[in-house]
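Note sheet for the following structure.
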Amino acid sequence: MCFIKYRLLLFLLLSAQLLGCATAPRSYSHLAGLSAEPVCQVLLDDMQQRVADEGVGSAYGHTLYGYPYLRSDRFLASFRMELDTKLHRKQWYQQLWRLAYQTRQQELDNLTQAFTGEERESIEACLLRLAANDLTRPEMFDQLQRQSKVPSAYSSGYRILGLYPLTRLPVMRVISNEQATWNLAFNNPMFLKGEYRSYTPPVATTIDPFTIAQWLQEGRARSALGIPDLNPEQLDQLFRLYAPSWRLYYQSDADQIGTVVIVNDVPEVNTQRASVYLLPSYTRFKGDVLLQLNYMVWFPERVAESRFDPYSGELDGLIWRVTLTTEGKVLAYDSIHPCGCYHKVFPVADAIVVSPQVEINRVYQEQPQILHRELPLQEAGPVQIHLYSGSHYVVGLKVHKPSSDDKTLNLLSSQELHSLPGNSGNQSLYSSRGLVPQSQRTEQYFLWPMGVPSAGAMRQWGHHAISFTGNRHFDDPFLLENFFEYR
């Protein structure tokens with residue numbers, strides 16, 4: 001009888017969660033600011049309805065209830081209790097608006113029943129009028145501060161029903177054993193041999209270190225929030241300067257970098273054209289806001305290593321992140337696969353050491369794999385990332401030595417993944433839940449008690465849960481600060 005009740009409770013909770021994911025955002029018609037704007041009300045409701053009907057809503061950023069023209073993320077939410085002046089609030093609000101605008105344009109680009117250019121201009125004009133009315137409300141910023149916190153990517157319902165305090169113990173043991181194995185493999189010559197494919201970014205222009213430091217200093221000076229706000233040209237030059245090269249040990253065609261394309265409404269990786277997708281982000285470290293450069297590559301699949309391999313499936317990839325100090329030197333590298341799995345951290349700067357708290361916490365929850373051995377310095381030349389065949393694990397970091405056999409990578413914005421041309425119009429690589437449906441893995445059926453929905457599936461930025469036995473996100477602005485302290 002108890003078992004039947006448990007099964008019923010499981011069904012109800014999971015059903016409620018799925019319904020919550022599928023619920024369309026609230027219509028614009030409830031907003032008081034539109035009561036005197038009937039034309040805007042009709043236009044914005046029409047936009048909302050088309051986005052919902054065609055299923056092109058984006059999970060990029062966190063929509064704020066009552067302010068559907070604003071979106072937050074974990075970095076912006078970290079400032080919500082620090083908005084002490086009008087200038088702080090103004091610049092924070094502008095960042096919320098910018099993120100929502102970017103996402104809204106992607107959604108509109110993906111509509112098959114498209115709006116005309118004139119209609120899209122009218123949509124933005126209506127939203128500006130709506131926002132101007134909201135800005136006169138004295139309680140608005142209090143509401144934004146409360147709502148800007150981004151929900152966890154973990155499901156507490158899954159963890160409760162999966163008896164997480166007990167089921168996490170064998171998972172921790174498996175992860176600990178795997179980390180020990182790959183720790184021995186890192187930069188081990190036994191794992192850095194065999195046939196390989198090499199990829200290198202375009203040759204970058206040399207930039208004087210003083211110039212980089214000046215760019216970052218001037219960018220922070222322009223921001224009341226201390227964000228190093230660089231212009232697109234400066235960002236492009238830094239992305240090129242710190243771009244790694246890649247060496248994939250080769251056993252099958254899945255061990256090749258490609259470009260994501262849509263074929264018959266299904267995403268694939270075309271290995272005839274190798275690309276790396278770029279995304280800037282920020283972290284907060286010991287009182288400073290630091291620039292991070294993210295490099296994302298995609299592979300056609302993760303090949304099964306045995307008859308039953310729960311980790312194999314369509315599409316695979318790697319995200320490589322470079323965190324720069326306030327002077328523009330490398331503080332640390334870290335990486336994950338787009339599923340959020342296999343978080344590895346490579347502390348480069350001599351100024352930082354691993355916090356003692358990391359080893360203390362290791363007893364209770366999974367910690368990232370922190371690798372120190374023979375890390376190359378950026379000053380010695382571009383870093384080359386060595387990836388194991390099949391699983392695409394990072395097994396080595398070396399200084400890149402150019403070869404005539406290297407294949408040159410195209411540098412693309414990660415925003416392109418949100419609106420890819422297809423046979424029936426543009427579509428996003430990601431679903432409205434922030435997942436790549438075609439990349440689902442069998443591991444989800446036995447790892448769900450860890451609270452990660454569809455474990456193993458590739459994910460959109462902002463949805464990377466990176467610890468099965470903890471509660472961490474790759475875009476957490478205090479992630480590195482939790483692991484390191486100054487020497």
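Numbers here simply count residues along the sequence, with the first being 1. Only a predicted model underlies this, so the values are computations on that prediction, with no experimental measurement involved.
No side-chain heavy atom of Gln102 sits under 4.5 Å from any side-chain heavy atom of Arg98. With a 4.5 Å cut-off on side-chain heavy atoms, Phe346 and Phe186 count as touching. The shortest side-chain heavy-atom distance between Ser72 and Leu99 does not fall under the 4.5 Å cut-off. Residues Thr167 and Met450 are in side-chain contact: their nearest non-hydrogen atoms beyond the backbone lie under 4.5 Å apart. Side-chain contact between Gln106 and Ser428 is absent, with no heavy-atom pair separated by less than 4.5 Å. The shortest side-chain heavy-atom distance between Val289 and Phe79 falls under the 4.5 Å cut-off. The shortest side-chain heavy-atom distance between Glu301 and Ser252 does not fall under the 4.5 Å cut-off.
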Identify each donor-acceptor pair in which a side-chain atom of residues 210-219 lies under 3.5 Å from a protein atom, sequence neighbours left out, and give them as a table.
| from | atom 1 | to | atom 2 | distance (Å) |
| --- | --- | --- | --- | --- |
| Gln214 | NE2 | Glu218 | OE2 | 3.4 |

Do any side-chain atoms of residues 323-339 form donor-acceptor pairs under 3.5 angstrom with protein atoms, and if so which ones, sequence neighbours left out?
| from | atom 1 | to | atom 2 | distance (Å) |
| --- | --- | --- | --- | --- |
| Thr323 | OG1 | Gln292 | NE2 | 3.0 |
| Thr325 | OG1 | Glu327 | N | 3.2 |
| Thr325 | OG1 | Glu327 | OE1 | 3.4 |
| Thr325 | OG1 | Gly328 | N | 3.4 |
| Thr325 | OG1 | Lys329 | N | 3.1 |
| Thr325 | OG1 | Lys329 | O | 3.4 |
| Tyr333 | OH | Gln378 | OE1 | 3.2 |
| Asp334 | OD1 | Arg321 | NE | 3.0 |
| Asp334 | OD2 | Arg321 | NH2 | 2.8 |
| Asp334 | OD2 | His343 | NE2 | 3.1 |
| His337 | ND1 | Gly317 | O | 3.4 |
| His337 | NE2 | His392 | O | 3.4 |

Quiz: residues 397-407 side-chain donor-acceptor pairs under 3.5 angstrom, not counting sequence neighbours:
| from | atom 1 | to | atom 2 | distance (Å) |
| --- | --- | --- | --- | --- |
| His400 | ND1 | Ser245 | OG | 3.0 |
| His400 | ND1 | Gln384 | NE2 | 3.2 |
| His400 | NE2 | Asp406 | OD2 | 3.3 |
| Ser403 | OG | Asp405 | N | 3.2 |
| Asp406 | OD2 | Ser403 | N | 3.1 |
| Lys407 | NZ | Thr271 | O | 3.1 |

Problem set entry | Test log, rule side-chain contact (heavy atoms from CB on, under 4.5 Å), inputs Val345 and Leu480 | CA-CA 9 Å; Val345 187; Leu480 288 180; 4.2 Å; yes
Exercise. Would Tyr430 and His418 count as a side chain to side chain donor-acceptor pair (under 3.5 Å) if you check the C-alpha gap in whole Å, the side-chain angles of each, and the deciding distance to 0.1 Å?
Worked result: CA-CA 7 Å; Tyr430 310 100; His418 302 284; 5.6 Å; no
Problem set entry | Trace of the side chain to side chain donor-acceptor pair (under 3.5 Å) decision for Gln251 with Asp255 | CA-CA 7 Å; Gln251 287 191 348; Asp255 298 323; over 6 Å; no
For this session: Show the numbers, then the answer: is there a side-chain contact (heavy atoms from CB on, under 4.5 Å) between Val394 and Leu318?
Result: CA-CA 9 Å; Val394 177; Leu318 192 101; 3.9 Å; yes
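Using a cutoff of 4.0 Å between basic side-chain nitrogens and carboxylate oxygens, Arg302 and Glu443 are not scored as salt-bridged. Ion pairing between a basic and an acidic side chain is recognised when a charged N comes within 4.0 Å of a carboxylate O; Glu359 and Arg362 show such pairing.
Checked by atom type, the side-chain pair Ser275/Thr259 shows a donor-acceptor distance below 3.5 Å. Side chains of Ser419 and Asn426: a donor on one and an acceptor on the other come within 3.5 Å.
Listed by first then second residue, pairs satisfying ring-ring contact (aromatic ring centres under 6.0 Å, His included) with a partner in residues 224-244 read Phe239-Tyr295, not counting sequence neighbours. The stretch residues 236-246 participates, sequence neighbours left out, in these salt bridge (charged side-chain N to carboxylate O under 4.0 Å, His left out) pairs: Asp236-Arg240. Applying the side-chain hydrogen bond (donor to acceptor under 3.5 Å, both in side chains) test to pairs two or more places apart or on separate chains, those with a residue in residues 177-195 are Glu195-Arg197. Sorted by first and then second residue, the pairs that involve residues 471-487 and meet salt bridge (charged side-chain N to carboxylate O under 4.0 Å, His left out), not counting sequence neighbours, are Arg74-Asp475. For residues 91-111, the ring-ring contact (aromatic ring centres under 6.0 Å, His included) pairs, not counting sequence neighbours, are Tyr69-Trp97.
At least one donor-acceptor pair closer than 3.5 Å links the side chain of Gln145 to the backbone N or O of Arg80. Between the side chain of Thr469 and the main chain of Met172, no donor-acceptor pair closer than 3.5 Å is present.
Under a cut-off of 6.0 angstrom, the local environment of CZ in Phe478 is crowded, with over 12 non-hydrogen atoms contributed by other residues, nucleotides or ligands. Other residues, nucleotides and ligands contribute only 12 or fewer heavy atoms inside 6.0 Å of the OH atom of Tyr445. The 12-atom threshold is exceeded at NZ of Lys286, counting heavy atoms of other residues, nucleotides or ligands nearer than 6.0 Å. The environment of OH in Tyr196 is sparse: at most 12 heavy-atom neighbours from other residues, nucleotides or ligands sit within 6.0 Å. Gln94 CD: more than 12 foreign heavy atoms inside a 6.0 Å radius.
For Tyr486 and Phe285, the ring centers are positioned less than 6.0 Å apart. Not less than 6.0 angstrom separates the ring centroid of Tyr311 from the ring centroid of Tyr342.
Taking the side chain to side chain donor-acceptor pair (under 3.5 Å) definition, one finds that Tyr250 meets it with Asp253, sequence neighbours left out. Listed by chain and residue number, Tyr277, Leu279 satisfy the side-chain contact (heavy atoms from CB on, under 4.5 Å) test with Ser414 (two or more places apart in sequence, or in another chain). Residues satisfying the side chain to side chain donor-acceptor pair (under 3.5 Å) test with Asp73, not counting sequence neighbours, are none. Residues passing the salt bridge (charged side-chain N to carboxylate O under 4.0 Å, His left out) test with Arg284 are Glu82, sequence neighbours excluded.
For the atom pair CD (Glu268) and CD (Glu314), the distance works out to 8.0 Å, reported to the nearest 0.5 Å. Atom CG in Asn270 sits 12.0 Å away from atom CD1 in Ile262 (nearest 0.5 Å).
Contact record, Ser389 with Tyr249: CB-O, 2.9 Å, taken as the closest heavy-atom pair.
Just one residue in the list His473, His463, His464 forms a ring pair (Phe, Tyr, Trp, His ring centres under 6.0 Å) with Tyr154, and that residue is His473.
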